[in-house]
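Below you'll find the structure, written out as structure tokens, and then a few comments.
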Amino acid sequence: MTVSAAPESAKETLKAIRLVKERLGLATVLGVSNISFGLPAREVINANFLTMALAAGLDAAIINPNNKAMMDAFHASLVLMNKDVRAERYIRRHQALTETQAVRAEGAPVFAAPNAADQSIGGRLKRAVIEGDEENITALVDEALKEGWEPIKISNEALVPGLEEVGRLFASNRYYLPQVMLSADTMKKAFTRLKQEMQGRKGPSLGKVLLATVEGDIHDIGKNIVATLLENHGFEVIDLGKNVSADRIVEEAEKNKVDIVGLSALMTTTVLEMDVVIKRLKAKGIKALTIVGGAVVTKEFSDKIGADEYGGDALGAIEKIKRLIGTHA
Ligand code: B1M
């Protein structure tokens with residue numbers, strides 16, 4: 001019954017959906033739109049009722065698939081009920097709508113697909129990161145290794161440029177967070193394989209380096225690259241992970257008597273935490289030298305907070321750490 005004639009009927013219907021599911025374990029189907037009969041702006045009521053019914057466990061809704069408000073409510077509900085993995089359907093739908101509007105306004109699509117014509121192994125690796133192809137990334141890394149690519153070349157010339165492209169797509173609202181997370185997971189898989197490859201190449205320890213992404217920051221891809229390269233160059237690495245508090249960094253640096261403390265941060269809000277860590281290390285009288293890195297860190301900032309070295313890119317950072325250890329010895 002419509003709520004305009006029977007005000008309790010929406011509540012009763014929702015209750016019925018829940019009970020049928022709980023007590024009988026049966027699927028339910030509902031014609032949604034009668035609920036608003038006799039009211040103005042019917043689709044507002046219908047779309048909200050659909051959302052509530054789906055939340056109550058409705059399995060199939062009879063709705064007009066050409067009605068945008070209903071379809072918007074349907075797709076949003078799937079995301080909110082965790083029935084749309086990584087919000088893929090939702091994102092696809094809204095990307096398609098944005099694209100259509102942009103084509104209308106500017107005559108050109110806004111979504112630039114990665115260059116599919118580049119079939120080189122570098123191009124395919126880069127594309128796998130951009131598209132978040134977790135399934136195939138390890139096989140592609142293997143293929144590149146077989147073709148004679150050094151791990152550092154795979155990282156610098158294919159994987160990192162791929163992730164940088166993801167960053168650009170995200171910054172221009174053409175990619176969304178679930179897609180960035182998928183690309184980051186894909187990158188991690190690639191590095192797991194590269195790490196195995198580099199493991200056999202270790203020599204005697206050149207020194208102990210403690211690494212951490214500072215508190216409040218969960219970005220760790222760059223730090224992990226630095227860790228892998230350091231290990232590969234013969235350093236002993238104590239990697240505390242991401243979102244690590246200043247207290248823990250200081251405690252571990254002291255306990256492990258490390259030569260270097262390396263800090264990473266990727267956000268304008270979290271770089272300030274590096275200042276806190278360096279001040280605490282100094283206050284505790286810890287002799288370890290410090291190096292700071294991450295996309296937002298500049299030489300100027302590094303000098304300002306009294307770090308002993310500015311990281312720059314990962315490969316450059318390794319050389320700087322070697323130099324620091326030389327001065328430290
Ligand atoms: Co986020 N994120 N992210 N993110 N993310 C950025 C950094 C951002 C610039 C994107 C944007 O808005 N355009 C932005 C920060 C803005 C700012 O403050 N300026 C941002 C934001 C806002 C966020 C969230 C807040 C989003 C949200 O939830 N609203 C959230 C953060 C939550 C938190 O930390 N508390 C968030 C989350 C994420 C994911 C989880 C989805 C994922 C991270 C996954 C992971 O790391 N495990 C992610 C990613 C992947 C990015 C982008 C796309 C890529 C970052 C990256 O890994 N780059 C990034 C956009 C971009 O960069 N264009 C972005 C590649 C990496 C190799 O570079 O770390 O700089 P980088 O490392 C380099 C060098 O800097 C150096 O070596 C590496 C190789 O040369 N280096 C060191 C790094 N550390 C070093 C240490 C050293 C020496 C050298 O010595 C110790």
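Whatever order the structure lists them in is the order used to number ligands and atoms, beginning at 1.
Summary of contacts: the protein heavy atom closest to atom 70 (O) of ligand 1 is Ala295 N, 3.0 Å. Nearest protein neighbour of atom 80 (O) of ligand 1, counting heavy atoms only, is Ala314 N, 3.0 Å. Of the protein's heavy atoms, Phe170 CE2, 3.8 Å lies nearest to atom 12 (O) of ligand 1. Counting only heavy atoms of the protein, atom 32 (C) of ligand 1 lies nearest to Ile218 CG1, 3.7 Å. The protein heavy atom nearest to atom 47 (N) of ligand 1 is Asp220 OD1, 2.7 Å. Scanning all protein heavy atoms for the shortest distance to atom 65 (C) of ligand 1 gives Leu163 CD2, 3.6 Å. Of the protein's non-hydrogen atoms, His219 NE2, 2.9 Å is the one closest to atom 3 (N) of ligand 1. Of all protein heavy atoms, the one closest to atom 60 (C) of ligand 1 is Gly167 CA, 3.9 Å.
With salt bridges taken as basic N to acidic carboxylate O contacts below 4.0 Å, none links Lys287 and Asp259.
The distance from the CD atom of Glu236 to the CD1 atom of Ile238 is 5.5 Å, given to the nearest 0.5 Å.
Using a 4.5 Å heavy-atom threshold, the side chains of Leu159 and Leu194 count as touching.
Residue-ligand proximity: Ser183 is placed with every non-hydrogen atom at 4.0 Å or more from ligand 1. Distances shorter than 4.0 angstrom occur between a heavy atom of Lys188 and an atom of ligand 1.
Among all heavy-atom pairs drawn from Asp185 and Arg86, the shortest one is OD2-NH2, 3.6 Å.
In the candidate list Met267, Glu165, Glu164, Met267 is nearest to atom 24 (C) of ligand 1, counting heavy atoms.
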Please table the atom pairs, donor to acceptor, closer than 3.5 Å between any side-chain atom in residues 22-32 and protein atoms at least two apart or in another chain.
none

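In this structure Arg42 satisfies the side-chain hydrogen bond (donor to acceptor under 3.5 Å, both in side chains) test together with Ser36, sequence neighbours excluded.
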